[in-house]
Amino acid sequence: MSSTVRATVVQASSIFYDTPATLDKAERLLKEAAALGSQLVVFPDSFIGGYPRGYNFADQSPRGKESFRKYHASAINVPGPEVDRLASMAAKYKVYLVTGAIERDGYTLHCTVLFFDPEGNYLGKHRKLMPTYLERLVWGFGDCSTTPVYDTPYGKLGSVICWENKMPLLRTAMYGKGIEIYCAPTADSGDTWVATMRHIAMEGGCYVLSPIQFCRRKDYPPPPEYLYSPTEEDVTPDSIVWAGGSVIISPHGEILAGPNYEGEGLFTADLDVRGEIPKAKFQFDVVGHYSRADVLSLTVNNRPSLPVTFTSSPSKIKDNEEMDECKDI
């Protein structure tokens with residue numbers, strides 16, 4: 001394992017309803033991060049596809065349905081051409097790339113994090129287990145079949161999204177997988193978020209990287225195409241609607257970079273996994289010497305939760321067999 005890794009969290013806005021332009025912006029920011037010597041770059045929650053901040057999730061009118069159609073069209077298939085482009089960016093700039101994205105699975109959307117290595121390989125994804133509050137009206141639920149932790153030369157890398165970080169059992173599952181570089185992209189720029197990240201860093205004895213978007217009203221389409229709620233009259237084009245607060249935390253709970261609430265930017269720190277994590281675990285190892293498995297333990301169902309399961313592959317069913325089955329129904 002390499003001694004240190006230079007990591008950057010990106011604080012920037014998506015270009016809403018314009019995924020190709022957002023990918024162009026991602027490449028510009030990735031180039032800047034690589035110029036800083038970064039070997040790991042983490043983008044915010046929902047960066048590809050966009051977070052529908054201010055959107056009236058409960059609007060079932062024709063206008064609301066058209067807004068969802070546009071949002072669905074801005075999401076990406078995984079795998080797909082946008083994933084291929086992100087992989088090529090990771091290879092071009094020789095970085096581990098972690099980014100939030102809105103994943104399109106048929107007609108269901110998922111808040112997802114994608115992982116890429118410096119050779120341009122797509123490693124996999126994490127789907128948010130529990131969308132928060134009104135997000136549940138527009139995003140589907142993930143499961144623990146997509147809670148990966150990847151071995152890298154710099155440490156074990158994984159991600160938990162936004163308020164999933166408040167789920168103690170999910171955090172424990174990630175600690176059980178040995179996570180050392182804990183990526184926590186979020187839509188929460190509130191004043192308690194940094195405290196949450198510092199707690200997780202100390203609880204898990206891991207580095208925590210939390211990138212957050214910084215957006216003004218003008219980063220979203222203008223009315224009437226996109227109506228910002230509660231009322232459009234409450235904001236001006238320059239109003240800050242997502243205040244950032246991106247941060248990097250050490251395993252001891254120390255703030256290494258950020259938080260920043262002033263605008264877009266890159267925030268960078270050197271992570272010494274091999275040097276600092278053993279020191280943090282010396283006093284408190286939540287799933288090691290400080291656990292009591294005889295009293296408290298966790299069982300994780302990591303099988304995919306599928307609504308429909310077929311007992312045989314459809315490709316192996318002959319056309320006449322399908323006809324016979326239809327006649328029997």
Side-chain angles (χ1 to χ4, degrees), residues 7 9-10 14 26 40-51 75-80 82-84 86-87 90 95-106 108-117 121-132 135-136 138-152 154-188 193 196-197 200-201 203-204 206-213 246 287 298 300-306:
V9 293
V10 175
S14 306
L40 167 64
V41 183
V42 188
F43 280 80
D45 182 353
S46 314
F47 188 74
I48 309 299
Y51 187 92
I76 65 173
N77 293 326
V78 180
E82 294 86 1
V83 174
D84 293 342
L86 289 164
V95 297
Y96 279 91
L97 169 61
V98 180
T99 185
I102 301 304
E103 177 191 1
R104 182 173 54 232
D105 184 9
T108 297
L109 302 180
H110 289 276
C111 180
T112 298
V113 165
L114 307 176
F115 300 85
F116 303 87
D117 72 15
N121 298 306
Y122 163 62
L123 299 177
K125 66 186 178 186
H126 165 56
R127 284 178 173 174
K128 189 175 183 180
L129 283 180
M130 178 55 66
T132 302
E135 291 173 357
R136 296 172 203 171
V138 72
W139 293 342
F141 289 31
D143 58 46
C144 273
S145 69
T146 65
T147 51
V149 171
Y150 298 102
D151 281 314
T152 79
Y154 312 118
K156 294 184 177 180
L157 173 70
S159 181
V160 179
I161 303 170
C162 202
W163 276 20
E164 286 186 317
N165 287 283
K166 298 185 179 185
M167 299 172 72
L169 299 184
L170 178 56
R171 297 200 308 268
T172 302
M174 299 302 280
Y175 303 150
K177 291 189 173 189
I179 191 167
E180 295 167 320
I181 303 174
Y182 185 116
C183 301
T186 185
D188 187 345
W193 185 253
T196 300
M197 296 296 95
I200 291 172
E203 179 182 68
C206 53
Y207 284 95
V208 174
L209 289 69
S210 185
I212 309 173
Q213 291 199 40
S246 300
V287 291
L298 173 66
V300 178
N301 176 8
N302 60 357
R303 293 185 295 271
S305 299
L306 302 175

*May I ask you to test the Thr99-Leu86 pair for a side-chain heavy-atom distance under 4.5 Å?*
yes

_Closer than 3.5 angstrom, by distance alone: can the side chain of Asp45 be matched with the main-chain N or O of Ile161 as a donor-acceptor pair?_
no

*Distance from His126 atom NE2 to Leu114 atom CG, nearest 0.5 Å?*
11.5 Å

_Contacts of type salt bridge (charged side-chain N to carboxylate O under 4.0 Å, His left out), residue Glu203, not counting sequence neighbours_ = Arg171

_Side-chain donor/acceptor of Glu180 to backbone N/O of Lys156, under 3.5 Å_ = yes

*Given side chains that start at C-beta, do those of Leu157 and Cys183 come closer than 4.5 Å, heavy atoms only?*
yes

*List for me each residue that meets salt bridge (charged side-chain N to carboxylate O under 4.0 Å, His left out) alongside Glu135, sequence neighbours excluded, and say none if there are none.*
Lys128

*Which distance, rounded to the nearest 0.5 Å, do you find between the NZ of Lys177 and the OG1 of Thr147?*
3.0 Å

*Specify the closest pair of heavy atoms between Leu170 and Val160, including all atoms of both residues, with the distance to one decimal.*
CD2-CG1, 3.8 Å

*Phe47 and Ala26: which non-hydrogen atoms are nearest, and at how many Å?*
CE2-CB, 3.9 Å

_What I'd like to find out is whether the side chain of Ser159 reaches to under 4.5 Å of the side chain of Pro185, using heavy atoms alone._
yes

_Any side-chain heavy-atom pair of Tyr96 and Tyr154 under 4.5 Å_ = yes

_Pair Asp188, Ile212 - check side chain to side chain contact (heavy atoms under 4.5 Å, CB included), show working._
CA-CA 7 Å; Asp188 187 345; Ile212 309 173; over 6 Å; no

_Any Ile76 side-chain heavy atom under 4.5 Å of Val83 side chain_ = yes

*Might you work through the side chain to side chain contact (heavy atoms under 4.5 Å, CB included) test for Asn165 and Met197, ending with a clear yes or no?*
CA-CA 8 Å; Asn165 287 283; Met197 296 296 95; 4.2 Å; yes

*Could you pull out the closest heavy-atom pair between Phe116 and Ala90, with the gap in Å?*
CB-CB, 3.8 Å

*Residue list, salt bridge (charged side-chain N to carboxylate O under 4.0 Å, His left out) with Asp105, at least two apart or on another chain*: Arg127

*Considering all heavy atoms of both residues, which atom of Pro131 and which atom of Gly140 are nearest to each other, and what is their separation?*
CG-O, 3.3 Å

*Report yes if some heavy atom in the side chain of Ile102 is under 4.5 Å from a heavy atom in the side chain of Ser46; otherwise report no.*
yes

*To the nearest 0.5 angstrom, please state how far the OG1 atom of Thr186 sits from the CD atom of Glu164.*
10.0 Å

*Where do Phe115 and Pro148 come nearest, in terms of heavy atoms and distance?*
CE1-CG, 4.1 Å

*Indicate the atoms forming the closest heavy-atom contact of Ala187 with Cys162, along with that distance.*
N-SG, 3.3 Å

_If we ignore hydrogens and angles and just use 3.5 Å, is the side chain of Asn121 paired with the main-chain N or O of Leu123 as donor and acceptor?_
no

_From OG1 (Thr196) to CH2 (Trp163), nearest 0.5 Å_ = 9.5 Å

*Distance in Å, Asp117 CG paired with Tyr122 OH, rounded so as to fall on 0.5 Å steps*: 12.5 Å

*Assess the side chains of Trp193 and Ser210: does a donor N or O sit below 3.5 Å from an acceptor N or O?*
yes

*Between NZ on residue Lys125 and OG on residue Ser145, distance to nearest 0.5 Å*: 8.0 Å

*Report yes if some heavy atom in the side chain of Ile181 is under 4.5 Å from a heavy atom in the side chain of Leu209; otherwise report no.*
yes

*Between Cys144 and Leu129, is any pair of side-chain heavy atoms under 4.5 Å apart?*
yes

